[in-house]
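Report on the following structure.
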There are 2 protein chains.
Amino acid sequence: MQKVDVYKLIERMAALIRSEERKRCTEMGLQVVHLQVMDYLSRCNKYSNTPVALTNYLGMTKGTVSQTLLLLERKGFIRKEADLADKRMVHLYLTEEGLLMLSQAYPSDLFSNAGLFLEVHNPDLTEEPFISALTALQKAHKSNSFGLCKTCKFFTHTKDGFLCGLTKETLTQSDSEKICQEHTLL
Amino acid sequence: MQKVDVYKLIERMAALIRSEERKRCTEMGLQVVHLQVMDYLSRCNKYSNTPVALTNYLGMTKGTVSQTLLLLERKGFIRKEADLADKRMVHLYLTEEGLLMLSQAYPSDLFSNAGLFLEVHNPDLTEEPFISALTALQKAHKSNSFGLCKTCKFFTHTKDGFLCGLTKETLTQSDSEKICQEHTLL
DNA sequence: CCATTTAGTTTCGAATCGAAACAGGGCATA
DNA sequence: TATGCCCTGTTTCGATTCGAAACTAAATGG
């Protein structure tokens, strides 16, 4: 089998998801980028909630990201906080309103319905092939892979929890399941 | 296993693909929507190359699609042709320049590199789980599923080829492997 | 034959988007 | 400590996207 075909299938799924997202966003008076930003902020860890990380994640220019963040802040969906150590940096947080809006605009019923179909028609389907496909894609992606913290090569177990080998900080269970901009495979 | 998690993985792949697409488009002086439109036109069949189909496929309003098409036409990437039977309808075609631009902007090396990784690290990976996931997503998607012609319930085999049960027209091999806006499962 | 639906365009104002210039903090090195 | 470079983020500009709504014209269906 041509392994490229797998990604054709994934692209088609991505197109369907995108279309659903767009319709949702239009109903809520949002742009698709807004949803992407808020979704990212809800799933990234404390090292990755900065405008630069967003710039890399979305593949846009920093000027554009700056504009979008300005608007989201005006609308009250996100909040900026200066970094105490490095005064150049800014950390972004979803507000209560932002979280609410995200939960309404996110097409979770599309996924849960599709999940139900799978449950019924393909009960022995496992996550493994999808994890393999994601890992391969992350490796092929030239810039950052934006993977989950716990799948990073700097992630280690210690006697009382988890540790990031890059920042030497201890991590909580929740930290370890979030997206990190420093994520590196192998 | 929660089958919803499969779609979390797919979403992450979609985000990586999107980011790569955006960077490619920026380099080529395109908007992401332009690539999406041209990619769709290169993969849809003769029933589905109209502005309305694009509107449904992308989930945008028809006014926006009309604008985008105007620009792509000005740039010489697409060509419009009036439908002979129904004078309200317009058919869209990629020009030579459009095809060339598409082949340059499309992140095919990302997919072929990822495919190579899979070839090496997961040689017994099959397409089946991905097909199942796509089918489930198409069923869960409220509006059109935009699937391949040959997976449609109106698609039938005849003694000298293929037939669309909806239009009663015979189909070529190439037709049967393209995206159709009338695609219906089951 | 007339009302309704459908395909597509036009117009408007807000927002996106990339490019480029800018401000200012960190940091290395001389 | 001073200089220069890199990094993070903002601002400004003009072209384009985007949705909403009004519009034209062709098909459809009583």
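As a basis for the values below, the full set of heavy atoms in this structure was taken, side chains included, without hydrogen atoms, waters or symmetry mates. Note on naming: letters A, B, ... go to the chains in the order of the sequence lines (proteins, then strands), and numbering restarts at 1 for each one.
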Exercise. D/dA20 C1' sits how many Å from B/M60 CE, rounded?
Worked result: 14 Å
Exercise. Between C/dT16, C/dT9, C/dG18, which nucleotide gets closest to the side-chain atoms of B/K62?
Worked result: C/dT9
For this session: Select base, sugar-phosphate, or nothing to describe what A/L69 touches, counting heavy atoms under 4.0 Å on all strands.
Result: nothing
Exercise. In residues 79-106 of chain B, which ones come under 4.0 Å of DNA chain C, going by heavy atoms?
Worked result: B/K80, B/R88, B/M89, B/V90
For this session: Please state how far atom CG in A/N49 lies from atom P in D/dT8, giving the value in whole angstrom units.
Result: 14 Å
Problem set entry | A/G59 vs B/V65, nearer the 5' end of DNA chain C by closest nucleotide | B/V65
Exercise. Which pair of heavy atoms, one from A/H141 and one from B/S19, lies closest together, and at what distance?
Worked result: NE2-OG, 3.5 Å
Exercise. Over how many whole Å does the gap from B/L72 atom CG to D/dA15 atom C1' extend?
Worked result: 14 Å
Problem set entry | Spacing between B/L58 atom CG and D/dT17 atom C1', to the nearest angstrom | 12 Å
Exercise. Does a donor on one side chain and an acceptor on the other come within less than 3.5 Å for A/T135 and A/S132?
Worked result: no
Exercise. Does a donor on one side chain and an acceptor on the other come within less than 3.5 Å for A/D109 and A/S112?
Worked result: no
For this session: Check the distance between C/dT11's P and B/L70's CG and give it to me in whole angstrom.
Result: 11 Å
Exercise. Rounding to a whole Å, what distance do you find between B/L71:CG and C/dT10:P?
Worked result: 14 Å
Problem set entry | Any residue meeting ring pair (Phe, Tyr, Trp, His ring centres under 6.0 Å) with A/Y40, in chain and number order, not counting sequence neighbours | A/Y57
For this session: For A/D83 and A/A85, indicate whether the former's side chain and the latter's backbone hold a donor-acceptor pair under 3.5 Å.
Result: yes
For this session: Measure the angle between the two terminal helix axes of the helix from C/dC1-D/dG30 to C/dA30-D/dT1, five base pairs each, and quote it to 10°.
Result: 30°
For this session: Give a yes or no answer on whether the side chain of A/R24 reaches the backbone of A/L30 with a donor-acceptor pair at less than 3.5 Å.
Result: no
Exercise. Where along residues 16-48 of chain A does a heavy atom come under 4.0 Å from DNA chain C, residue by residue in number order?
Worked result: A/Q31, A/V33, A/H34
Exercise. Distance-only, no hydrogens or angles: does the A/S66 side chain make a donor-acceptor pair with backbone N or O of A/K62 under 3.5 Å?
Worked result: no
For this session: Give a yes/no answer on whether the side chain of A/T64 brings an N or O atom under 4.0 Å of OP1 or OP2 in C/dG18.
Result: yes
Exercise. Which listed nucleotide (C/dT9, C/dC17, C/dA7) is nearest to the side chain of A/T68?
Worked result: C/dC17
Problem set entry | Pairwise 5' ranking along DNA chain D for B/R74 and A/A53, keeping only the more 5' one | A/A53
Exercise. In whole angstroms, how far is the C1' atom of C/dT9 from the CG atom of B/L54?
Worked result: 15 Å
Exercise. Can you tell me how far P of D/dT16 sits from CD of A/Q67, to the nearest Å?
Worked result: 18 Å
For this session: Taking B/T156 for its side chain and B/L163 for its backbone only, find out whether a donor-acceptor pair lies under 3.5 Å.
Result: yes
Problem set entry | Test item: A/N122 side-chain N/O and A/L125 main-chain N/O as donor-acceptor pair under 3.5 Å | no
Considering only distance and modelled atom types, tabulate donor-acceptor pairs under 3.5 Å from the side chains of residues 179-186 of chain B, sequence neighbours left out.
residue, atom, partner, partner atom, Å
B/Q181, NE2, B/Y47, O, 2.8
B/H183, ND1, B/S145, OG, 2.7
B/H183, ND1, B/G147, N, 3.4
B/H183, NE2, B/L148, O, 3.4
B/H183, NE2, B/T151, O, 3.4
B/H183, NE2, B/T151, OG1, 2.7
B/T184, OG1, B/E182, O, 2.9

Problem set entry | Set of residues satisfying ring pair (Phe, Tyr, Trp, His ring centres under 6.0 Å) with respect to A/F155, sequence neighbours excluded | A/H157, A/F162
For this session: Return yes if some donor-acceptor pair links the side-chain N/O of A/S48 with the main-chain N/O of A/C44 below 3.5 Å, else return no.
Result: no
